[in-house]
Amino acid sequence: MARPTKPILSRRGIAEEALRLVDEEGVEALTTRKLAKRLGVEGPSLYNHIAGRDDLLDEMTGLIDEAVDPSALTAHADWREGLAAFARTYRRAFMVRPELVAIIASRPVRSATALSAYERAFAAFEGFGWDPRFAATVMAAIDYLVLGSAIETFNGGFDRPAAEYEDTYPHLAAALRAADGVDVDDLGFELGLAALIAKVEADTTSG
């Protein structure tokens with residue numbers, strides 16, 4: 001059987017290659033020309049499958065969202081454990097590509113995978129006995145915590161050794177020294193998650 005003379009493209013294959021391009025060269029390198037070259041085709045060939053940059057970003061977002069596991073919400077007898085497990089899997093999926101997350105977070109949710117994840121999460125929240133408004137508030141808080149922690153890194157926000165901040169910012173320098181070699185990003189996320197769960201528990205108990 002003769003082999004095809006041109007690569008066989010698909011939406012998923014294009015998006016997977018786009019993610020590899022971002023991983024290797026950064027989000028600034030994500031152009032149609034560069035992506036087409038990596039796929040071994042001419043630029044217009046991509047548009048038979050992807051309508052444009054927004055459509056490509058939606059498809060890429062869908063691939064990232066596949067690693068989010070809404071079933072974690074109902075895999076535990078205690079909703080607190082389920083909520084924590086869901087938030088952690090959500091964060092793991094997105095923290096791999098912080099540059100891309102910043103773009104995704106500013107765009108509407110359109111991918112079928114993401115919409116399905118939200119649907120399953122809200123179905124689980126209904127099972128917890130939460131009304132839709134409270135469920136939306138909890139989901140918003142999870143989004144803020146997860147996406148913020150995926151984009152932001154505490155230690156990475158300071159590009160000089162702690163000692164160089166000492167004279168002018170001694171308290172900052174002390175904090176940076178104390179945080180050196182410690183995964184304060186994980187610790188900070190877990191602190192925020194514990195606070196979120198405690199607040200949800202307090203609101204549901206008092207209500």
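Positions are given from 1 along the sequence.
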Straight-line distance of [X] [atom1] to [Y] [atom2], nearest 0.5 Å:
X	Y	atom1	atom2	value
Asp58	Arg110	CG	CZ	5.5 Å
Asp65	Ile104	CG	CD1	7.5 Å
Glu66	Ile64	CD	CD1	10.0 Å
Leu147	Tyr90	CG	OH	4.0 Å
Met60	Leu57	CE	CG	6.0 Å
Leu172	Leu176	CG	CG	4.5 Å

Within residues 151-162 or reaching into it, pairs that qualify as side-chain hydrogen bond (donor to acceptor under 3.5 Å, both in side chains) - sequence neighbours excluded: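 Applying side-chain hydrogen bond (donor to acceptor under 3.5 Å, both in side chains) to every pair that reaches into residues 151-162, excluding sequence neighbours, yields Thr153-Asp185.
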side-chain hydrogen bond (donor to acceptor under 3.5 Å, both in side chains) contacts touching residues 92-102 (sequence neighbours left out):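 Found Asp23-Arg97.
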With sequence neighbours excluded, residues passing side-chain hydrogen bond (donor to acceptor under 3.5 Å, both in side chains) with [X]:
X	result
Glu201	Arg80
Arg91	Ser149, Asp186
Lys34	Glu25
Thr74	none

Nearest heavy-atom neighbours spanning Leu193 and Ala87: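 Smallest interatomic distance, heavy atoms only, reads CD1-CB, 3.8 Å.
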Shortest non-hydrogen separation from Thr89 to Ala67 and the atoms involved: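 Shortest heavy-atom separation between Thr89 and Ala67 comes out as OG1-O, 3.2 Å.
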Using side-chain heavy atoms (C-beta onward) and a distance below 4.5 Å, is [X] in contact with [Y]?
X	Y	value
Ile142	Val138	yes
Arg120	Leu73	no
Asp203	Thr137	no

What donor-acceptor contacts under 3.5 angstrom involve side-chain atoms of residues 13-22, with partners at least two apart or in another chain?
{"from": "Glu16", "atom 1": "OE2", "to": "Arg12", "atom 2": "NE", "distance (Å)": "3.1"}
{"from": "Glu17", "atom 1": "OE1", "to": "Arg20", "atom 2": "NE", "distance (Å)": "3.1"}
{"from": "Glu17", "atom 1": "OE1", "to": "Arg20", "atom 2": "NH2", "distance (Å)": "2.9"}
{"from": "Glu17", "atom 1": "OE2", "to": "Arg38", "atom 2": "NE", "distance (Å)": "2.8"}
{"from": "Glu17", "atom 1": "OE2", "to": "Arg38", "atom 2": "NH2", "distance (Å)": "2.8"}

Salt bridge (Lys or Arg N to Asp or Glu O under 4.0 Å) against Asp143, all qualifying residues, sequence neighbours excluded: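 Scan of Asp143 (salt bridge (Lys or Arg N to Asp or Glu O under 4.0 Å), adjacent residues dropped) gives none.
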Side chain to side chain contact (heavy atoms under 4.5 Å, CB included) partners of Ala117, counting only residues at least two apart: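 Side chain to side chain contact (heavy atoms under 4.5 Å, CB included) check on Ala117 returns Pro70.
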Results of ring pair (Phe, Tyr, Trp, His ring centres under 6.0 Å) for Tyr169 - residues two or more places apart only: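 Residues passing ring pair (Phe, Tyr, Trp, His ring centres under 6.0 Å) with Tyr169: none at all.
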Any pair counted as ring pair (Phe, Tyr, Trp, His ring centres under 6.0 Å), so long as it reaches residues 26-47, sequence neighbours left out: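 Output for this query is empty, none listed.
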More than 12 heavy atoms of other groups within 6.0 Å of Glu42 CD: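 No, CD of Glu42 has 12 or fewer neighbouring heavy atoms, counting only those of other groups under 6.0 Å.
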For residues 125-133, which side-chain donor-acceptor pairs fall under 3.5 Å, sequence neighbours excluded?
{"from": "Asp131", "atom 1": "OD1", "to": "Arg133", "atom 2": "N", "distance (Å)": "3.0"}
{"from": "Asp131", "atom 1": "OD1", "to": "Phe134", "atom 2": "N", "distance (Å)": "2.8"}

